[in-house]
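This report concerns only the one structure given below.
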Number of protein chains: 2
Amino acid sequence: MSSCETCVVRNRAICAGLDDKELVALNSMGRRRNVSAGEPLIWEADDSLVVANVIEGVLKLTTSTEDGREQIVGVAYPSDFIGRPFGQTSRASVVALTDARVCVFARNDFDRFAREHPELEHKLLERTLAELDRTRSWMMLLGRKTASEKIATFLLEMADRFGDQGCAPVLMPAQRFALPFSRQQVADLLGLTIETVSRQFTRLKQDGVIGLPSRREVEVIDRRALQALAG
Amino acid sequence: MSSCETCVVRNRAICAGLDDKELVALNSMGRRRNVSAGEPLIWEADDSLVVANVIEGVLKLTTSTEDGREQIVGVAYPSDFIGRPFGQTSRASVVALTDARVCVFARNDFDRFAREHPELEHKLLERTLAELDRTRSWMMLLGRKTASEKIATFLLEMADRFGDQGCAPVLMPAQRFALPFSRQQVADLLGLTIETVSRQFTRLKQDGVIGLPSRREVEVIDRRALQALAG
DNA sequence: CGGAGGATTGAAGGCTATCAAAGTCCGTGG
DNA sequence: CCACGGACTTTGATAGCCTTCAATCCTCCG
């Protein structure tokens, strides 16, 4: 059952706004694909001419130097668009962080379809502009923030995305969530080493700012403190 | 004389591809504006609802922390598009680095016009995608490169943009160009301090890799060495 | 000529990386 | 059920890069 009609991101992805007929056309071009955690979808410098919508899961976009240093330059969540339409081949790898499901299109097919559907291109434009904004604010973090500011900013962003901001009556409960990143991946995202990430986490735990129920779980205990640390 | 017909970036900016009638309409919405070096065009967090095309000059896009640290998140050259169309207010300041001339539009007017002209939106989309690519590769630099790698990468990029790659017969001549950046601005671009930038410059000069005819001029003597240093 | 802002240079210190080892978690297989 | 292996994480010690603080030097312009 790989129909757009039943797609869970149908109304949030760039496909939103297409009418039934257009959806059928788009549907016939694309295909669903499962990607296991750790598996690449697009390889850096590969001419892998595909674009995709994320249906489920989390993926990382990375660039690497020849000597193996890696920087995560973007993270794709459900309903996000992946890949580089229109001519240029992007120099970023895409790898699944969790088991993921995506809707893949041959780039040529997608390019042609998009050019014929301004509404789709507009959605893509808005999305790309928003992504550029996010990326730019991340540059601030990479270039000018200290390790503890980076970690605090990161945790707040994760909490906002994943936190069960339980609509509890009065008191804001401690937010708790599962990280889709390993320590190494957090380091690659923040421009740090794994050791520094680990040390910052334990320090925040010792100071009572966060809890670490397990390796992949974080509990925000003192959000105000995190905000003060975020710079 | 503020007509699109005589505009020097007419065929490179996003306006390219519009027919005469459309150009007249666009022309009536926008106005030319001169911005002196150091003068802001858009203020961070200001709701300054304008977008613009750069006609002449160089401008920087920056974000700052409360305590005054600054990061340059983008640089706009002639024919580049500035500002944040479609709803969101960008959190970046735009300041002229050199005397500049821009073609300014009220954002609302531009938004409406763009939505009625898919060809314009497509140009804007391609431009935004390219800018996102550039920004992401800059993240790699900010997060993972050392000071000397940052400087070398920066100089190569400047040389490619400004260098008089004189189509000389056999030998590639030493490239020479004027920087539109002060040392502090180079630091803000690379996520370094002004002192580190200065030290790296003098080191490269001492090693015979570059020459520094004046504060604002750079001569690339050993391009191969720079490429090796760039990581 | 003199001032002011920018740039360079120097010395010292701190933050983060590097190197190294121990600890933890989890799946596998006995 | 428990032991084992491997990957990931934490912790420790040390080193080094870059920042910070400070002073001097240029260079441009009034």
Side-chain angles (χ1 to χ4, degrees), chain A residues 36-38 60 65 67-71 95 97-99 141-155 178-207 210-218 229 231, chain B residues 36-38 60 65 67-71 95 97-99 141-155 178-207 210-218 229 231:
Chain A
S36 311
K60 64 172 180 176
T65 55
D67 59 336
R69 285 171 287 177
E70 180 167 318
Q71 175 67 48
V95 177
L97 295 178
T98 66
D99 289 344
L141 175 146
L142 289 174
R144 290 303 189 197
K145 289 194 177 179
T146 65
S148 77
E149 289 174 330
K150 287 178 176 180
I151 294 285
T153 305
F154 166 74
L155 288 175
L179 281 180
F181 303 100
S182 69
R183 293 290 186 270
Q184 181 62 59
Q185 286 157 357
V186 175
D188 291 340
L189 194 56
L190 300 177
L192 296 171
T193 60
I194 184 174
E195 295 95 332
T196 299
V197 171
S198 181
R199 274 186 255 269
Q200 294 291 337
F201 270 61
T202 46
R203 169 192 271 262
L204 288 175
K205 181 181 177 182
Q206 284 170 344
D207 293 353
I210 64 171
L212 297 171
S214 79
R215 284 181 169 179
R216 288 294 188 124
E217 280 177 311
V218 179
L229 285 171
Chain B
S36 311
K60 65 172 180 176
T65 55
D67 59 336
R69 285 171 287 177
E70 180 168 317
Q71 175 69 47
V95 177
L97 295 178
T98 66
D99 289 343
L141 175 145
L142 289 174
R144 292 302 187 195
K145 288 194 177 181
T146 65
S148 77
E149 290 173 330
K150 286 177 177 180
I151 295 284
T153 306
F154 166 73
L155 288 174
L179 281 180
F181 303 100
S182 69
R183 294 291 187 270
Q184 181 61 59
Q185 285 156 358
V186 175
D188 291 340
L189 194 57
L190 301 177
L192 296 171
T193 60
I194 184 174
E195 294 96 331
T196 299
V197 171
S198 181
R199 276 185 255 268
Q200 295 291 336
F201 270 60
T202 45
R203 169 191 273 264
L204 288 175
K205 181 182 177 182
Q206 284 170 344
D207 294 351
I210 63 171
L212 298 170
S214 79
R215 283 182 170 176
R216 289 293 188 123
E217 281 177 311
V218 179
L229 285 172

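Residue numbering restarts at 1 for every chain, and letters A, B, ... go by the order of the sequence lines. Quick caveat: nothing in here was measured; it's all calculated off a predicted structure.
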Quick one: pull up [atom1] in [X] and [atom2] in [Y] and give me the separation to the nearest 0.5 Å.
X	Y	atom1	atom2	answer
Leu190(B)	Gln71(B)	CG	CD	8.5 Å
Ile151(B)	Leu141(B)	CD1	CG	9.5 Å
Leu179(A)	Leu155(A)	CG	CG	7.0 Å

Assuming nearest nucleotide by heavy-atom distance, tell me which of Gln184(B) and Arg199(B) is located more 5' along DNA chain C. Gln184(B)
Length of the CD-P vector between Gln200(A) and dT10(D), whole Å: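 In whole Å, dT10(D) P lies 12 Å from Gln200(A) CD.
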Roughly, in whole Å, what's the span from CZ in Arg216(A) to P in dT10(D)?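 Value for this atom pair: 11 Å.
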State which residues pass ring-ring contact (aromatic ring centres under 6.0 Å, His included) with Phe181(B); sequence neighbours excluded, sorted by chain then number. Phe154(B)
Which heavy atom of Gly38(B) sits nearest a heavy atom of Val95(B), and at what distance?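 Answer, listing the atom of Gly38(B) first, then Val95(B): O-CG1, 3.5 Å.
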Heavy atoms only: give me the nearest Thr98(B)-Pro180(B) pair and the separation to one decimal. CG2-CB, 4.1 Å
Bounds of contact between DNA chain C and chain B, in 5' to 3' order, using a heavy-atom cut-off under 4.0 Å: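 The protein-touched segment is dG5(C) to dA11(C).
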What residues from residues 142-154 of chain B pass a heavy-atom cutoff of under 4.0 Å to DNA chain C?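 DNA chain C contact set from residues 142-154 of chain B: none.
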With axes from five pairs an end, tell me the bend angle of the helix from dC1(C)-dG30(D) to dG30(C)-dC1(D), nearest 10°. 30°
What residues form a salt bridge (charged side-chain N to carboxylate O under 4.0 Å, His left out) with [X], not counting sequence neighbours?
X	value
Arg216(A)	none
Lys60(A)	Glu70(A)
Arg199(B)	none
Arg203(B)	none

Check whether Asp99(B) reaches the backbone of Ala37(B) with its side chain - one donor and one acceptor, N or O, closer than 3.5 Å.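 Yes, the answer is positive, given that a donor and an acceptor are paired below the 3.5 Å cut-off.
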Test your reading of the model: is there a side-chain donor-acceptor pair from Arg183(A) to the backbone of Arg215(A), 3.5 Å cut-off? yes
Is there a side-chain polar atom (N or O) of Ser198(A) under 4.0 Å from OP1 or OP2 of dT11(D)? no
For a quick test of reading the model: is some side-chain N or O of Arg183(A) closer than 4.0 Å to OP1 or OP2 of dT10(D)?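 Result: yes.
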Residues of residues 185-196 of chain B with any non-hydrogen atom less than 4.0 angstrom from an atom of DNA chain D: list those, numerically ordered, please.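 Within this stretch, Gly191(B), Leu192(B), Thr193(B), Glu195(B), Thr196(B) sit under 4.0 Å of the strand.
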I'd like to check the side-chain contact (heavy atoms from CB on, under 4.5 Å) partners of Thr196(B); sequence neighbours left out, ordered by chain and number.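 Residues passing side-chain contact (heavy atoms from CB on, under 4.5 Å) with Thr196(B): Ala147(B), Leu192(B), Thr193(B), Gln200(B).
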Please, which pairs that meet salt bridge (Lys or Arg N to Asp or Glu O under 4.0 Å) have at least one residue in residues 141-153 of chain B, sequence neighbours excluded? Arg69(A)-Glu149(B), Asp188(A)-Arg144(B)
For nucleotides 26-28 of chain D, give me every protein contact, N/O to N/O, under 3.5 Å, one pair per line with atom names.
unit_1, atom_1, unit_2, atom_2, d
dC26(D), O2, Arg215(B), NH2, 2.9

